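Single-structure report; data block below.
What you see is a predicted model, and the numbers here were worked out from it, not measured in a lab. Heavy atoms only: backbone and side chains are in, while hydrogens, waters and symmetry mates are out.
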Amino acid sequence: MDMPTNNFKAALAQKRRVFGTWLMMDNPVTAEALSYAGFDFLVVDMEHSATDVRQARAQLQAIQGGGAGAVVRLRAAEPVVAKKVLDLGAQTLMFPMIQSAEEAHRAVSSTRYAPEGIRGMAAMHRASRYTLVDRYLENAASELCVTVQIETAQAVANAAAIAAVPAVDGLFVGPGDLSASLGLIGQVSHAKVVENVARVLEAAHKAGKPAGILAANEDLCEKYAKMGFDFVAVASDLAFLMRSARAALGRMRG
């Protein structure tokens, strides 16, 4: 059996702009439905949701049934968690709160087997299709995609150095945390925040790497796409649910 293709990584390599959303409900049915809905990628969030390793596995299995690529945002840049999620079959990882080139190097190292990195080696897991993938250990890195989150003023200052790290495949801006770091908490459209967002985009593209960002709504998504972001996640499963529920209630009660 051949190594499964990372369609998300392939789309970015082809310079296609892709759109996704966040999975906050730790629910495989939701993940499956949104994969069929037509999103290019779905972010399984282990940082700000209740999703644990078992729930991440269920969501990865569910997403595979539709057409979306799966991106797993880890709870932190922890090698043990990265190893477990890679063994589950995740091919694209997002490391939160990366603030320097050194931290980016460590993140990449946790996704590679020795001698290039420190990923622990196992043969029997979902990623290797339970040993059926030919030469999985030798070829696993070829389909991995490592994205790192730029979420603070310090990270913005180091964005060029972070983007230059080999095997960092993309930078992803967290505008919420960035706004807080700049003393403008929640003001993601403030001129100073937008200026810093643009600096990350420029640093990524100068390094020949794609840049992504999270948009709270469709209007911001359109704005970021026009700025030149290559992958944009809009809202979340929970945000869509609440928005639709509130709109329906407003109409019924109005």
Side-chain angles (χ1 to χ4, degrees), residues 6 8-13 15 18 41 43 45-48 71-86 90-121 140-184 188 192-214 224 227-233:
N6 185 338
F8 176 76
K9 183 176 184 177
L12 293 180
K15 309 297 184 183
V18 293
F41 68 96
V43 181
D45 190 6
M46 298 182 72
E47 184 186 16
H48 286 296
V71 178
V72 179
R73 181 174 60 178
L74 303 175
R75 66 187 190 189
E78 299 171 341
V80 172
V81 179
K83 171 180 63 179
K84 285 181 173 290
V85 171
L86 289 170
Q91 292 180 303
T92 301
L93 299 187
M94 183 181 292
F95 289 85
M97 206 59 75
I98 297 299
Q99 304 208 67
S100 67
E102 290 74 19
E103 290 182 3
H105 274 292
R106 288 198 292 270
V108 169
S109 179
S110 70
T111 69
R112 265 59 179 178
Y113 293 119
E116 289 78 21
I118 61 169
R119 178 183 174 185
M121 193 176 73
S142 65
E143 290 296 334
L144 294 185
C145 181
V146 175
T147 62
V148 298
Q149 285 197 264
I150 308 297
E151 303 181 85
T152 66
Q154 178 184 346
V156 173
N158 293 327
I162 293 170
V165 173
V168 165
D169 296 295
L171 306 186
F172 190 91
V173 182
D177 281 308
L178 179 56
S179 71
S181 174
L182 295 169
L184 299 161
V188 297
K192 187 176 180 181
V193 178
V194 174
E195 176 188 347
N196 279 266
V197 166
R199 287 174 62 189
V200 178
L201 175 65
E202 181 182 13
H205 284 179
K206 277 189 175 180
K209 307 284 180 73
I213 194 166
L214 173 62
Y224 292 141
M227 284 179 68
F229 278 93
D230 307 283
F231 57 112
V232 184

Between [X] and [Y], what is the shortest heavy-atom contact and its length?
{"X": "Ala160", "Y": "Ala203", "result": "N-CB, 3.8 Å"}
{"X": "Ala140", "Y": "Tyr113", "result": "CB-CE1, 4.3 Å"}
{"X": "Cys145", "Y": "Asp169", "result": "CA-OD2, 3.2 Å"}
{"X": "Leu12", "Y": "Val18", "result": "CD2-CG2, 4.1 Å"}
{"X": "Val85", "Y": "Val72", "result": "CG1-CG1, 3.7 Å"}
{"X": "Pro175", "Y": "Val193", "result": "O-CG1, 4.4 Å"}

Q) Can you find a pair of side-chain heavy atoms, one from Phe229 and one from Val200, that are under 4.5 Å apart? A)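 SC-SC contact between Phe229 and Val200 ruled out.
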Q) Are side-chain heavy atoms of Val197 and Met227 found at a separation under 4.5 Å? A)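 Of all side-chain heavy-atom pairs linking Met227 with Val197, at least one is under 4.5 Å.
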Q) Should the heavy atoms of other residues, nucleotides or ligands under 6.0 Å from CZ of Arg75 be counted, would the total exceed 12? A)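 Counting other residues, nucleotides and ligands, CZ of Arg75 stays at 12 neighbours or fewer.
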Interatomic distance, [X] atom [atom1] to [Y] atom [atom2] [nearest 0.5 angstrom]:
{"X": "Gln154", "Y": "Ile98", "atom1": "CD", "atom2": "CD1", "result": "11.0 Å"}
{"X": "Lys9", "Y": "Thr147", "atom1": "NZ", "atom2": "OG1", "result": "11.5 Å"}
{"X": "Ile213", "Y": "Tyr224", "atom1": "CD1", "atom2": "OH", "result": "4.0 Å"}
{"X": "Leu93", "Y": "Ser110", "atom1": "CG", "atom2": "OG", "result": "7.0 Å"}
{"X": "Gln91", "Y": "Asn6", "atom1": "CD", "atom2": "CG", "result": "4.5 Å"}
{"X": "Asp230", "Y": "Lys209", "atom1": "CG", "atom2": "NZ", "result": "12.5 Å"}

Q.
Looking at Arg73 and Glu47, is any side-chain nitrogen of the basic one under 4.0 Å from a carboxylate oxygen of the acidic one?
A.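 Judged by the 4.0 Å cut-off on N to carboxylate O distance, Glu47 and Arg73 do form a salt bridge.
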Q | Arg106/Glu102 salt bridge by N-O under 4.0 Å criterion | A |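 Arg106 and Glu102: not salt-bridged.
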Q.
Applying the side chain to side chain contact (heavy atoms under 4.5 Å, CB included) criterion to Asn196, which one of Leu201, Val173, Leu178, Thr152 satisfies it?
A.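 Passing option: Leu178.
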Q | Test side-chain contact (heavy atoms from CB on, under 4.5 Å) applied to Leu86 and Arg119, step by step | A | CA-CA 9 Å; Leu86 289 170; Arg119 178 183 174 185; 3.7 Å; yes
Q | Stepwise side-chain contact (heavy atoms from CB on, under 4.5 Å) test for Gln99 and Ile162 | A | CA-CA 8 Å; Gln99 304 208 67; Ile162 293 170; 5.8 Å; no
Q: Show the numbers, then the answer: is there a side-chain contact (heavy atoms from CB on, under 4.5 Å) between Leu171 and Val148?
A: CA-CA 5 Å; Leu171 306 186; Val148 298; 3.6 Å; yes
**Q.** Phe172 and Phe231 aromatic ring geometry - parallel, tilted or perpendicular at 30°/60° bounds
**A.**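 Tilted.
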(Q) I'd like to know whether Met94 forms a side-chain contact (heavy atoms from CB on, under 4.5 Å) with Asp45, so could you lay out the CA-CA distance, the side-chain angles of the two residues, the decisive distance to 0.1 Å, and finally the verdict. (A) CA-CA 9 Å; Met94 183 181 292; Asp45 190 6; over 6 Å; no
